[in-house]
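Below you'll find the structure, written out as structure tokens, and then a few comments.
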There are 2 protein chains.
Amino acid sequence: MKNKLKVLRAEHNLTQEQLAKAVEVSRQTINAIEKQKFDPSLVLAIKLARLFKTEIEEIFIYKG
Amino acid sequence: MKNKLKVLRAEHNLTQEQLAKAVEVSRQTINAIEKQKFDPSLVLAIKLARLFKTEIEEIFIYKG
DNA sequence: TGACAATGTCAAGTTTATTTTACATTTTTT
DNA sequence: AAAAAATGTAAAATAAACTTGACATTGTCA
């Protein structure tokens with residue numbers, strides 16, 4: 001799965017730390033997701049989509 | 001997190017087994033999600049939304 | 001240049017999602 | 001009512017998500 005987290009975060013002028021706090025995970029979790037180490041949980045994906053006022057699948061692209 | 005999986009599955013006339021195969025997980029995984037034992041992974045949530053031609057958040061309701 | 005903020009990364013540990021196997025209960029069909 | 005199908009559930013194992021702590025690299029800026 002690909003994702004546009006880094007771009008969205010940049011557009012919103014947030015550091016990994018700030019984003020992490022906003023969605024209640026660790027900074028390393030944000031970093032790992034941006035670096036495609038793993039995918040977020042459903043809850044985290046929802047929180048991110050809400051924060052960026054967009055759809056989950058606009059952020060996380062899964063080619064099934 | 002709440003979900004409408006059981007209802008959607010009923011509307012689509014699918015058994016847990018059939019749904020499980022369609023989204024490539026075990027029957028127990030479908031059962032556990034319906035029974036709210038845990039939430040699906042993001043990939044599984046996407047597969048389910050696609051199968052039912054709806055949005056993830058129409059199926060999985062998270063009150064943040 | 002030197003400090004400081006931000007990012008990348010690693011290891012070890014915890015929690016959660018998922019699998020397999022197996023069996024009991026409930027629902028549907030004959 | 002008996003057989004078969006569907007559902008519920010549980011234990012044990014594995015994988016994936018996430019944590020904390022620590023440290024190295026990179027970027028920014030006074």
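Labels below follow one simple rule: chain letters A, B, ... track the order of the sequence lines, proteins then strands, and each chain is numbered from 1. All values derive from a computational prediction rather than experimental measurement.
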Notebook entry, point to check: What are the residues of residues 4-13 of chain B, sorted by number, that bring a heavy atom to within less than 4.0 Å of DNA chain D?
Noted result: Lys6(B), Arg9(B)
Next item on the list: State whether the side chain of Arg9(B) and the backbone N or O of Leu14(B) hold a donor-acceptor pair below 3.5 Å, judged by distance alone.
Entry: yes
Item checked: 5' precedence on DNA chain D between Ser41(B) and Leu14(B) (nearest-nucleotide basis) -> Leu14(B)
Margin query: So if I take the C1' atoms of five pairs at each end of the helix from dT1(C)-dA30(D) to dT30(C)-dA1(D) and get each local axis, what angle do the two axes make, rounded to 10 degrees?
Written below: 50°
Notebook entry, point to check: Taking CD from Glu17(A) and C1' from dG8(C), how many angstroms apart are they, rounded to a whole number?
Noted result: 14 Å
Item checked: Contacts of Phe60(A) that satisfy ring pair (Phe, Tyr, Trp, His ring centres under 6.0 Å) - sequence neighbours left out -> none
Next item on the list: Under the salt bridge (charged side-chain N to carboxylate O under 4.0 Å, His left out) rule, collect the residues that match up with Glu58(A), sequence neighbours excluded.
Entry: none
Next item on the list: Drop me the distance from Phe52(A)'s CZ to Leu5(A)'s CG, to the nearest 0.5 angstrom.
Entry: 5.5 Å
Notebook entry, point to check: Can you list the steps and then say if Thr29(B) with Leu44(B) is a side-chain contact (heavy atoms from CB on, under 4.5 Å)?
Noted result: CA-CA 10 Å; Thr29(B) 290; Leu44(B) 180 48; 4.0 Å; yes
Margin query: More than 12 heavy atoms of other residues, nucleotides or ligands under 6.0 Å from NZ of Lys4(B): yes or no?
Written below: no
Check: Would you say Pro40(A) and Leu42(B) make side-chain contact, with heavy atoms under 4.5 Å?
Finding: yes
Note to self: If I take atom CG in residue Leu44(B) and atom C1' in nucleotide dT18(C), what distance separates them, rounded to the nearest angstrom?
What the structure shows: 10 Å
Notebook entry, point to check: Crowded around Glu55(A) CD? As in, over 12 foreign heavy atoms under 6.0 Å?
Noted result: no
Check: Measuring from Ile30(A):CD1 to Lys6(A):NZ, what's the distance to the nearest 0.5 Å?
Finding: 13.0 Å
Check: Rounded to whole angstrom units, what separation is found between the CD atom of Gln16(B) and the P atom of dT18(C)?
Finding: 15 Å
Notebook entry, point to check: What's the CG-C1' distance between Leu19(A) and dA6(C), to the nearest Å?
Noted result: 14 Å
Item checked: Separation of Ile56(A) CD1 from Tyr62(A) OH (nearest 0.5 Å) -> 15.0 Å
Notebook entry, point to check: First and last nucleotide of DNA chain D in contact with chain A, 5' to 3', at under 4.0 Å to a heavy atom: what are they?
Noted result: dA17(D) to dA22(D)
Check: Residues from residues 21-34 of chain A sitting under 4.0 Å of DNA chain D, heavy atoms only?
Finding: Glu24(A), Val25(A), Ser26(A), Arg27(A), Gln28(A), Thr29(A)
Check: Do you know the tightest heavy-atom contact between Ile46(A) and Met1(B)?
Finding: CD1-SD, 4.1 Å
Item checked: Expected output: side-chain Asn3(A) to main-chain Ile33(A) donor-acceptor under 3.5 Å -> yes
Checklist line | side-chain contact (heavy atoms from CB on, under 4.5 Å) between Leu48(B) and Leu8(B), intermediate numbers included | finding: CA-CA 10 Å; Leu48(B) 289 166; Leu8(B) 276 165; over 6 Å; no
